[in-house]
Amino acid sequence: MSQIVTRFAPSPTGFLHIGGARTALFNWLYARRFGGTFLLRIEDTDRERSTEAAVEAILDGLGWLGLDWDGEAISQFARAARHREVAHQLLASGGAYRCYASPEDLEDMRRKARLEGKPMRYDGRWRDRDPAQAPPGVAPVIRLRARQEGETIIDDKVQGKVVFANKDLDDLVLLRSDGNPTYMLAVVVDDHDMGVTNVIRGDDHLTNAARQTQIYQALGWDIPVWAHIPLIHGPDGAKLSKRHGALGVDAYRAMGYLPAALRNYLVRLGWSQGDKEFFTTDEIIAAFDLSAIGRSASRFDFAKLENMNGHFMRAMSDDELYKALIATLPHLPGGAEFAAKLDDHRRAQLRAAIPGLKERAKTLVELLDGAAFLFAERPLPMDEKAADILAQGGRAHLAALLPKLETLVEWSGPAAEAVVRAYAEAESVKLGAIAQPLRAALTGRSTSPGIFDVLTVLGREESLGRIEDQARL
RNA sequence: GCUCCCAUCGUCUAGCGGUCCAGGACGUCGCCCUCUCACGGCGAAAACAGGGGUUCGAGCCCCCUUGGGAGCGCCA
C-alpha cells in the first residue's frame with residue numbers, strides 16, 4: 001500500500017467552526033491511523049474575504065484541538081502561477097477552450113434555464129467556435145471541455161458508488177477572465193502536486209468531486225480516493241449556521257471543554273465502533289476507519305458533549321486537570337481575574353481542592369465556579385439558599401459549634417468531622433442540619449465539595465473566621 | 001425546479017435476512033448511596049417514517065410516497 005496523504009483545506013474567511021474541525025479531525029485520524037501524512041492548505045484565493053486573522057484563528061484552533069499537521073501550511077494563493085500553467089497546458093492539449101461569453105450571456109442562460117425548469121447550465125456556445133470570432137476587447141475565461149456523454153462515477157469510501165450523468169455537468173470555468181484560477185482548478189492541481197491520496201471532506205462537496213474528476217481525467221492524473229462525510233446539523237436539525245451552534249472552536253475552549261473530550265465527541269458523531277462510547281486518542285487512532293462512518297447527518301448535542309467532558313475530567317489525574325485548568329484560565333470567562341489572584345498559597349489551595357471539585361464539574365468553567373469559595377473574601381456574600389439555611393436556625397448551631405472547633409489542636413478533616421458529629425449527636429440532629437449551615441458560612445452557597453474537605457482546604461484561620469462572621473450576626 | 005445523498009428511542013448510535021416482542025450511551029423519570037451538589041449503583045418510559053413488493057422469514061434487499069439535507073457561480 002502506498003503512503004497515505006490527507007489534507008485539511010479551510011478557507012480563511014472566518015473562524016474554524018465545529019464542522020471544519022471535525023473534517024480536520026477525520027483527516028488527521030486517517031493519516032495517523034495508517035502512518036500517513038496530514039497536510040494543511042489554506043484556501044486563500046478569495047482575496048476579498050480572506051484575512052490573516054482568520055488564518056491565525058484556524059491554526060490556533062487546530063493546535064488547541066491537538067491536530068498537528070505535517071510540514072508547513074500551504075497557501076493556495078501563492079500557487080496561482082502553477083494553476084495558470086496547468087490551465088494553459090489544458091488549453092494546448094485541447095482539454096480546455098477559451099470562452100468569450102459575457103456575464104449578460106450567462107445571465108440569459110440562467111434565466112432561460114429557470115423558465116424551462118432546468119438547472120443552470122453553460123450551453124457550450126464557445127466550445128467549438130473559432131476563436132477568430134471572438135468579440136474584440138473581451139477577456140475570455142478558460143473552460144474545461146468536459147465529456148458530454150457517458151457518466152462520471154465517484155467511488156466514495158463513505159457514500160459508496162455515486163453516478164452523475166455527464167450531460168448534467170457543464171463546462172466549468174478553470175481560469176477567470178482576470179487570469180485567476182477557480183477553486184475547482186486550484187483544488188485539483190494542489191491536491192495532485194501535494195500528493196494527496198485521500199480527500200476526506202464534507203458531503204457538500206460530493207458534486208464537486210464529479211467535476212474535479214473530469215479535470216483529473218483531462219489532465220491524465222490519478223484520482224484520489226474520495227470520502228465525503230455527512231455534515232453536522234444544529235440541535236434543532238437545521239443546518240449549522242452562525243445563528244445556532246456553528247461556533248468557532250475557540251468558543252468550545254471558552255466553554256471549558258477539553259480537547260480530548262471534544263475529539264471523542266466529534267468522532268462519535270457519525271463514526272462508531274459497536275457500543276463503545278469512550279476512547280482515548282490512541283484508541284480512536286487504532287480503531288478509526290472510513291468504512292464505519294454513517295451516511296446520515298447528525299445533530300450537535302451539547303448535553304452529551306458535556307457529559308463526555310465530565311468523564312474525561314474525572315478520568316484525568318488531579319495534577320493533569322489542575323494544569324489544564326491553569327493553562328485554560330486566560331480563555332475562560334472571568335479566568336483572567338482569577339489568575340490575577342493566584343499566589344502560591346492559593347495555587348496550593350486550588351490544587352488541594354481539585355479532587356473534591358472535579359467530581360462536581362462537567363466543564364472547566366464549572367470547575368472554576370466550584371472553586372470560587374476559595375477566593376471569596378470575608379465577609380462572604382451569601383446566595384439566597386445559603387441565607388435561608390442560616391436564617392432557619394443555622395446560626396445558632398454555628399455559634400455553639402464555633403468554640404468546639406476552636407479547641408481543635410490538629411486542624412484536619414477527620415478531626416473536624418469528629419467534633420461536628422459529636423455535636424450533632426449531642427443535639428440529636430442529623431449531620432445535615434449542621435453541615436448545611438457550615439457549608440453556607442464557609443462557601444456562601446448551599447452546594448460545595450464535602451464540607452470537611454472544604455474546612456481542610458480553607459485552613460483553620462479562614463474557616464473559623466468565616467464561621468464566626470455568620471455566627472455573630 | 002433539476003441532480004445527488006439520507007431516514008432505528010427526544011439526541012448520538014448498535015444492528016451487516018432468522019439469535020431483535022430491537023442493544024448501548026446522553027437526556028428524562030423513579031429508587032439506593034449520602035453533610036449539599038455531584039459521582040456511582042439499580043430500575044423505568046422511549047424508536048425500526050408510511051405503503052407496496054422479494055423471501056419460508058425484513059430494521060436489514062428492491063420500488064414508491066413522505067420527510068430531511070447538499071449542490072446547481074468567472075465563492076470556496
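Letters A, B, ... mirror the listed sequences (proteins, then strands); counts begin at 1.
- No hydrogens or angles were tested; on distance alone, nothing pairs the side chain of A/R314 with the base of B/C39 as donor and acceptor under 3.5 Å.
- Note on A/N307: a side-chain N or O is less than 4.0 Å away from OP1 or OP2 of B/G27.
- Across all strands shown, A/I451 has heavy atoms under 4.0 Å from base atoms, whether or not it also approaches the sugar-phosphate.
- Proximity of A/T207 to the phosphate of B/C72: no side-chain N or O atom is located under 4.0 Å from OP1 or OP2.
- Using a 4.0 Å heavy-atom criterion, one finds that A/V141 contacts the bases of the nucleic acid, with or without backbone contacts as well.
- Between the side chains of A/S75 and A/D44, at least one donor-acceptor pair of N or O atoms lies under 3.5 Å.
- Nucleotides B/A58 and B/G51, compared at atom P, are 14 Å apart to the nearest Å.
- Rounded to a whole angstrom, the distance from the C1' atom of B/C61 to that of B/C48 is 15 Å.
- An OP1 or OP2 oxygen of B/G10 is reached within less than 4.0 angstrom by no side-chain nitrogen or oxygen of A/R299.
- Rounded to an integer number of Å, the gap from A/I154 CD1 to B/U3 P is 18 Å.
- Taking 3.5 Å as the limit, the base of B/A25 and the side chain of A/K276 contain no donor-acceptor pair of atoms between them.
- Side-chain N/O atoms of A/R439 include none lying less than 4.0 angstrom from OP1 or OP2 on B/U36.
- A/P449 comes within contact range of at least one nucleobase, with a heavy-atom separation under 4.0 Å.
- Checking the phosphate oxygens (OP1, OP2) of B/U13, a side-chain nitrogen or oxygen of A/S298 falls inside 4.0 Å.
- At a threshold of 4.0 angstrom between heavy atoms, the contacts of A/V163 are confined to the sugar-phosphate backbone, with no base atom among them.
- Electrostatic pairing of A/R445 and A/D369 counts as a salt bridge here, judged by a charged N lying under 4.0 Å from a carboxylate O.
- Out of B/A14, B/G71, B/A76, the shortest distance to the side chain of A/Y183 is found at B/A76.
- Of the side-chain N and O atoms in A/S448, none sit less than 4.0 angstrom from OP1 or OP2 of B/C37.
- Between the side chain of A/S448 and the backbone N or O of A/R439, no donor-acceptor pair lies under 3.5 Å.
- Heavy atoms of A/A386 sit nowhere under 4.0 angstrom from any nucleic acid atom.
- A donor-acceptor contact under 3.5 angstrom links the side-chain atoms of A/R360 to the base of B/C37.
- One N or O donor and one acceptor, one from the side chain of A/D275 and one from the base of B/G23, sit under 3.5 Å apart.
- For the residue pair A/Q159 and A/R295, no side-chain donor N or O sits within less than 3.5 Å of a side-chain acceptor on the partner.
- Counted by atom type alone, A/H83 and A/D190 present one or more donor-acceptor pairs between their side chains at under 3.5 Å.
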